[in-house]
Each structure stands twice: as structure tokens, then as C-alpha cells.
Amino acid sequence: MKLSVVMPVYNEQATLREVIARVLAVSLDIELICVDDGSTDASRGILAQIQSLHPEVRVLLQPHNMGKGAALRRGIQESTGDFVVIQDGDLEYDPAEYPLLLRPLIEGKADVVYGSRFLGSGPHRVLYFWHSVGNWILTLISNALTNMNMSDMETCYKVFRREIIQSIPIEEDRFGFEPEITVKIAKRRLRVYEVGISYWGRTYEEGKKIGWRDGFRALFCLAKYTVAEPRRSPASQPGLQPAPKAAEPHDASTSG
């Protein structure tokens, strides 16, 4: 079993070496695809050094800053593993939790797994109240539009069967990737699981990039793709499996 880790990178020189070391320390067959999105700090030089020492690391360079979604689009299409996980270039998420995220996929129960920051008992750094409120509102609206009961739509940690994510066209160039992909997997009626994860959020002084404008873009994307994306039958899509139907209620009067 091979895992492709797709990591968009933009000006992450402070954390890049450590996060890559953590990814490579995971006891799995890993292909790490780092997509530098036009960094203006030392990130590109660091990536070149790491790539020369580790053949499992592939570095792709965007011609200029094109956005997280554009970097993910390129990295996902270059992936060759059985599964694909999204990994940010900071230290907010712990790669040691890959095995937990992969378990429902390996067991054949899921097509997509989200790592939820609001489930489980892992440690969580205490940070911004309004960020948590904004995330809750976006997740609530996403659930209402997709008829799913997620706890953390905006999480970075999303793991996919490779043939599934490569079959879904990604249109958003910036942080709209999260709502876009959530609507599109819902429209395909795929089997989605959530797994509780730990979270070490960073402050804006430490390099956090997402802001209130991205929240409004997320709302726009939820509405846009809910209307524009057609509902699809999983059986009509090569390599995709439908979500299981709910069991029929047992009628005791017909037994025996």
C-alpha cells in the first residue's frame, strides 16, 4: 500500500524541514509531492536540498503564486499512490496520524476520510474564538446543502482513494478547495468517514494565511457547486463505489 502525500508550499521556510521530516518518519510507503506555489523566501532552496537527499520526495514548481487549490490540483494529478492525503506545509497537523486516517480506507469501509479537529480526545491548541465560530457556521451550511453530518468541513486532512480524487475536476485556485471537494464528493454519494485528530493551530504571527475573505469565498463555493454540480450515480463512475444503503427495519410480524 502506497500513500501519496500532497503538500502545497508557500513561504514555509520556518517549518518546512520539520514537517517533511515528520512525514518521512511515518512507517508507510510514502511518496511526498511538494508543490511550491511561487515562494519568495528560502522554501524552494530547502525543497531542492531535501529532494536531493530523499528520492521519495518530488518537488513541483509553480511558475508564480497561483493559490492552494491550484497547487493541490497539480499535485493530485501527479500522484501514483493507492491513497492521497492533503498535508499543509506547517506544523498544525501531525503526520503520525496517517495510519488512523487510512484505517477506514484500508478496511474497505470508506472512499474518503476527513480528519476532524472536533472529534476525539487528542490535544488541541487553544486559539481564535471567531475562527471556530466561522468554521462551525461553514460546516453547518455545508451539511445542510450536502445532507451530510460532518463536524469539520474545513479540515486540511482529507484522504482519498487515488482514482476517486483524480476523477474529480478541481476548479478552485485558492482556499475554495475545501467546500468545492466536499460538495462534489456528496454529489457522487461516496462513503465518507471522519476520524478525530489532534491540532496545533498557529497564529497569524506564526504564518497563518487564511482570513475572513476566504470564509466568504467558501460560502460562495458551497452555493455555486451545490447548484452547478450534477448529482452522479457511483455505479456509473469507473472505480467508484456507492455508499451503502441503510438497512431495512426488521418487521417481527414477518419472521418465523
Side-chain angles (χ1 to χ4, degrees), residues 1-9 12 14-35 50 54 56-58 68 71-72 75-76 79-128 131-132 135-136 139 142 148-162 164-165 175 177-178 181-182 185 190-203 206-210:
M1 189 276 293
K2 181 179 179 181
L3 176 65
S4 293
V5 181
V6 178
M7 181 188 299
V9 175
E12 299 288 2
T15 58
L16 197 50
R17 292 185 187 276
E18 184 172 352
V19 71
I20 290 177
R22 292 186 185 185
V23 170
L24 298 182
V26 178
S27 298
L28 294 169
D29 182 8
I30 283 180
E31 166 190 61
L32 174 57
I33 302 175
C34 298
V35 185
I50 293 173
H54 298 279
E56 64 271 43
V57 177
R58 297 170 56 196
K68 180 180 180 179
L72 288 175
I76 287 167
S79 298
T80 62
D82 300 288
F83 305 107
V84 177
V85 62
I86 308 303
Q87 172 72 55
D88 281 347
D90 51 39
L91 300 174
E92 292 190 328
Y93 296 82
D94 187 0
E97 294 178 323
Y98 289 167
L100 294 175
L101 294 164
L102 285 166
R103 186 174 300 159
L105 292 156
I106 293 172
E107 292 177 351
K109 297 177 180 178
D111 300 307
V112 182
V113 174
Y114 279 44
S116 173
R117 296 166 288 181
F118 307 114
L119 295 177
S121 57
H124 294 74
R125 182 180 179 182
V126 175
L127 278 176
Y128 303 115
H131 266 250
S132 64
N135 186 83
W136 179 82
T139 299
S142 173
M148 295 197 293
N149 62 338
M150 288 185 174
S151 64
D152 191 8
M153 180 272 290
E154 286 282 349
T155 181
C156 162
Y157 267 177
K158 296 175 172 67
V159 194
F160 310 85
R161 289 169 48 204
R162 177 178 56 80
I164 286 179
I165 188 60
F175 291 103
F177 170 81
E178 320 295 352
I181 204 65
T182 300
I185 65 174
L190 301 173
R191 301 171 300 170
V192 183
Y193 271 57
E194 281 191 317
V195 173
I197 59 171
S198 56
Y199 180 65
W200 285 267
R202 59 179 177 173
T203 65
E206 294 167 332
K208 195 174 190 69
K209 298 179 177 68
I210 195 166

Can you check whether [Y]'s main-chain N or O pairs, donor with acceptor, with [X]'s side chain at less than 3.5 Å?
X      : Y      : answer
Thr15  : Gly89  : yes
Glu97  : Ser198 : yes
Tyr93  : Tyr157 : no
Arg162 : Gly81  : yes

*Taking salt bridge (Lys or Arg N to Asp or Glu O under 4.0 Å) as the test, write out the residues that go with Arg22, two or more places apart.*
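By the salt bridge (Lys or Arg N to Asp or Glu O under 4.0 Å) rule, Arg22 matches Glu18.
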
_Taking salt bridge (Lys or Arg N to Asp or Glu O under 4.0 Å) as the definition, give me every residue that meets it alongside Asp152, ordered by chain and number, with sequence neighbours left out._
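Per chain and number, Asp152 pairs via salt bridge (Lys or Arg N to Asp or Glu O under 4.0 Å) with Arg117.
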
*Should Ile20 and Met7 count as side-chain neighbours, where that means a heavy-atom distance under 4.5 Å?*
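Yes, their side chains come closer than 4.5 Å.
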
*Could you check if a side-chain atom of Thr139 sits within less than 4.5 angstrom of a side-chain atom of Phe118, using non-hydrogen atoms only?*
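The answer is no, as the side chains (C-beta and beyond) never meet within the 4.5 Å cut-off.
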
*Going from CG on Asn149 to CD on Glu194, what distance comes out if it is rounded to the nearest 0.5 angstrom?*
7.5 Å

*Is a side-chain donor-acceptor pair under 3.5 Å present for Ser142 with Thr182?*
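No.
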
_Under the criterion side chain to side chain contact (heavy atoms under 4.5 Å, CB included), I'd like the reasoning laid out for Val57 against Leu24: C-alpha separation, chi angles, the key distance, then a yes or no._
CA-CA 9 Å; Val57 177; Leu24 298 182; 4.1 Å; yes

*Measure centre to centre between the rings of Phe160 and Phe83, then say whether the value is under 6.0 Å.*
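Centroid separation for Phe160 and Phe83: 6.0 Å or greater.
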
